[in-house]
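Notes follow once the structure below has been shown.
It should be emphasised that the depicted structure is a prediction, and the values quoted were computed from it without experimental measurement.
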Amino acid sequence: MSAEAAALRLGTTVAKTAADIWLGGRRRRQERQLSLTELVRLRVPGLRLQRSVERQFGQITDAVFDRLEPCLEHEFRGLDESGRQAVIDAVCDTFARADLSDEAVFAADANPAALIRRITGSVPAPAGLSEAETRLYEMLFAECVEYYVRIVRSLPVFEERAAAELLARTATLGTEVARLLERLPDRSLLAPDGTDRDTAFRRRYLELISRDLDEVELFRRTSDRAAGPRVRLSVAYVSLRATGDDGSLRRTVRSLSRLRPDMSDWEEAGGESSGVRVETGLSGASRVLLRGEAGSGKTTLLRWLAVTAARGAFSGELADWNGLAPVLVKLREYSGRTPPALDAMLDGVAGPITGIMPRGWVERQLDSGRALLLIDGVDELLDRERRAVRDWLRKLLVAYDGVRVVVTSRPAAAGADWLRGEDFTAMHLDRMNPPDLAAFVRQWHQAVRELGEDLPCAVDDLPLYEQSLLTSLKDRPHLQSLAGTPLLAAMLCAMHLNRGRQLPRDRMELYRNALHTLVHDRDADRNVPSAVDSKLSLSDKLVILRDLAWRLSDNNRSEISVEQAAVHVGRKLRAMRHLDDLDGEQVLDQLRHRSGVLRSPAEARLDFVHRTFQDYLASSEAAEEDRMGNLVERAHLDLWRETVIMAAGHANARQREELLGGILDRAGREPRHARTLRLLAASCQETLPEVSDGLAGRLDEAVSHLLPARRPTDPPALAAVGSSLLRRLPGSLGELTEKAAAQTVRTVALIGGEEALGLLAGYAGDERRAATPRCGRQYLLAVRLRPRPPTRENGAVVTHELSASCAGRGSPARAPGGASLP
């Protein structure tokens, strides 16, 4: 049943019931099944008058339809066809069985809420409805009764009958007043003004969340319109994998598909990692600390959870989250401020309607357990502010212990035990493996189809771009590693589409090319007027953005007021002597509207679209202004980790010596930070173009202090060293503890390549299951193998395949034709 058909049926039911009041008062039992047309013909004399009455009640039907149809369009999304039909049938059946006569309306004092209480007390509730269907039934029935009472009160006969009723009541006025006072909304600490407006506000709030958060901006328009094109998050979303930080949430081992040497099935599920889908992990805990690296999809996941909860569209393991009211708190908005009070928690995402929010509404949602609290960005606060947030959250959960909570952070800012005292389960978002990446590429291209004319190519050409990118990812393993997070994968997709299928070689090049595309090339290549007329070159724009990024990072902020930013831009423009006098506010406005790098998260506020861009630009500024000493001093702070790593890539030879040498000197002097600093120095090797022999020796010595890997955070940092690390790892796990062996295998699997495969093959004989975690076994099975050319045996051409069941063993596998494969 469509929303339109359902609204029409309900409108007809309400109008016919009102017609009974107008045309004859109490309904006769035999007239209850008559249609409106039949009822009019029975009660109204004369054809012309009958047609006039039908038209008037047709208008009433249309008015009810217009009110209900948008609501049903939203609410029906979470129900299947049978559920929709059951709900509408139940509402109509209740209307047919209820006493809605004028006496019943007067007995309820023409108050919809009182009339609903009378009806629910006399008519049995419909049976067989699910929880979601029951909520929708109650909401629709309440709406229809309210419309019915308003319609009845506007009928000409109502005033006459109301006057008679009032005269009859005069004798018992005192008793009636007392009774009416008893019917006033119940007030309590949680509901100081009653709860009559809760349902209406909840519907308005969920509609706003469902609409406003279901948008993702991919890249700027090709035209000169200020706003960027947006696609639906619900279309672009791809489920990610997560692993429990305590080693839990491991997927049950199952049989693997056959793997071909040319990796033609690299997109299939055979290569899945050991983690579970994040939705599965969330379903098993009511309080979750979700950790993930920059760009791993933390914020996008919270937005998707909010949108899906608002629509009641969860299925599978999260189905019991339907009916929850999402409350999304973006902590970056509270940098330098105290965490929000309960009545201000909706300001960030629902500011336009918080003025009509019933007093105590948020508290009532939390107290009833019907709220889903989503707290984003612990890592975007200073350390002392994080402690304040933890205390704020602890007090909140003591007062409302039944609420579901998901908190996100980068791992360096919040350890797995950061909220363990509050009974949080820690989960870590995994990097995307090949099947996840392939699914992401397909969803991304499916989502951008909706942009139509805003695409840089014809819509019909999108499948060609999609397949071209998938082929490149399959044939170039380093691209798979590069696109391991949703942010980087999305940038790769956009760059491939915007730059004629040209792809970068490493992360630094990806950021650089993405910035060039977003800041300048996209508009300039298409002769967008504002770009053509601009007096700023690409270099000029980057100078301004670098300065702004450094100012934010230098003050440990991710957000700044537009007014203050304009002052900084104006000051920088005056220092750029090759430019004519330019107004800082106008230049900032152009960068905000056209660059795709800056945005306004709130009125009069400014930030970068992703913290990664701020880190990259700040690192470039640090190299340009020779601020290596500043970076060395802050190297132990997690907020500066990505900036330091990328600064190593921007730095010249002298600066690299100063930066890395200074970090290693601190590691020798400061035992408290030694391991953190050595891991950071090791991670910097990801972006280093070259190092001197002396610095290379010091880096090798630092890495030696880190081996063998022991902690879950070690493998990603050590893997950044590259394939040269493999020669320093043991050929056997026998002398390592079980914990060190497991992290060593993870490190090797993250490095990848043929040399890693040989090392993992040697580890495969270790009988300790925990010592060879599934990530290593999966990599051993799914690593790209060099294909052997087809051979001819007994006159038949034989292609060589490897069965996953025998990878790393000496047993032969049989090809489909029966030929024995080595």
Side-chain angles (χ1 to χ4, degrees), residues 217-230 332-333 335 454 491 494 498 511-625 627 643 646 650:
E217 185 173 339
L218 298 178
F219 47 75
R220 289 294 175 182
R221 292 184 186 271
T222 59
S223 63
D224 195 26
R225 285 170 283 181
R230 296 177 180 273
R332 68 189 307 168
E333 296 177 357
S335 180
D454 288 307
M491 289 169 60
N498 291 331
Y511 292 146
R512 181 170 60 252
N513 290 349
L515 279 170
H516 288 189
T517 298
L518 292 171
V519 173
H520 187 76
D521 294 351
R522 165 161 281 277
D523 285 348
D525 291 348
R526 292 165 176 79
N527 293 316
V528 173
S530 63
V532 174
D533 298 338
S534 175
K535 298 179 181 179
L536 298 177
S537 67
L538 170 62
S539 297
D540 295 333
K541 295 174 183 176
L542 290 177
V543 165
I544 295 169
L545 290 170
R546 286 202 317 255
D547 178 71
L548 203 55
W550 176 262
R551 290 181 183 277
L552 283 170
S553 296
D554 191 38
N555 290 286
N556 296 314
R557 294 285 181 264
S558 58
E559 200 175 290
I560 190 173
S561 72
V562 172
E563 182 181 2
Q564 188 178 2
V567 172
H568 294 319
V569 171
R571 186 178 296 122
K572 194 67 178 177
L573 286 169
R574 288 192 292 274
M576 300 166 72
R577 308 297 293 177
H578 64 287
L579 296 175
D580 296 331
D581 288 340
L582 295 175
D583 182 74
E585 189 174 344
Q586 291 179 359
V587 169
L588 180 63
D589 231 26
Q590 182 188 18
L591 290 173
R592 286 170 62 200
H593 292 155
R594 297 305 312 171
S595 73
V597 176
L598 297 176
R599 67 174 182 179
S600 293
E603 187 177 355
R605 304 294 294 175
L606 186 74
D607 68 357
F608 286 86
V609 292
H610 198 280
R611 180 64 188 246
T612 299
F613 286 120
Q614 179 182 325
D615 293 340
Y616 178 87
L617 288 163
S619 68
S620 178
E621 179 72 0
E624 183 69 25
E625 297 296 323
R627 292 181 169 130
T643 304
M646 288 187 279
H650 287 296

- Gly584 to Leu573 - nearest heavy-atom pair and separation: CA-CD1, 3.8 Å
- Query: Quick one: does Leu591's side chain get under 4.5 Å of Val597's, heavy atoms only?
  - Reply: no
- Between Asp554 and Trp550, is there a donor-acceptor pair closer than 3.5 Å when you use the side chain of the first and the backbone of the second? no
- Query: Has Glu625 got more than 12 heavy atoms of other residues, nucleotides or ligands less than 6.0 Å from its CD?
  - Reply: yes
- Is Ser558 close to Asp607 at the side-chain level, that is, under 4.5 Å between some pair of heavy atoms? no
- Test Gln614 against Ser553 for side-chain hydrogen bond (donor to acceptor under 3.5 Å, both in side chains), laying out the working first. CA-CA 8 Å; Gln614 179 182 325; Ser553 296; 3.0 Å; yes
- Assess the side chains of Asp615 and Thr612: does a donor N or O sit below 3.5 Å from an acceptor N or O? no
- Query: Less than 4.5 Å apart, any side-chain heavy atom of His578 and any of Met576?
  - Reply: yes
- CG of Leu588 to CG of Leu545: how many Å apart, nearest 0.5 Å? 9.0 Å
- Between Tyr616 and Tyr511, is the ring centre distance below 6.0 Å? yes
- Message: If you apply the rule side chain to side chain contact (heavy atoms under 4.5 Å, CB included), what do you find for Ile560 with Arg551, and how did you get there?
- Response: CA-CA 9 Å; Ile560 190 173; Arg551 290 181 183 277; 5.8 Å; no
- Point-to-point distance, once rounded to the nearest 0.5 Å, from CG of Leu552 to NE2 of His568: 8.0 Å
- Message: Once rounded to the nearest 0.5 Å, what's the spacing between atom CG of Leu548 and atom CD of Gln564?
- Response: 9.5 Å
- Query: Where the side chain of Asp583 meets the backbone of Glu585, is there a donor-acceptor pair that is under 3.5 Å apart?
  - Reply: yes
- Task: Before accepting this row, confirm whether a basic side-chain N of the pair Glu621/Arg627 lies closer than 4.0 Å to the acidic partner's carboxylate O.
- Result: yes
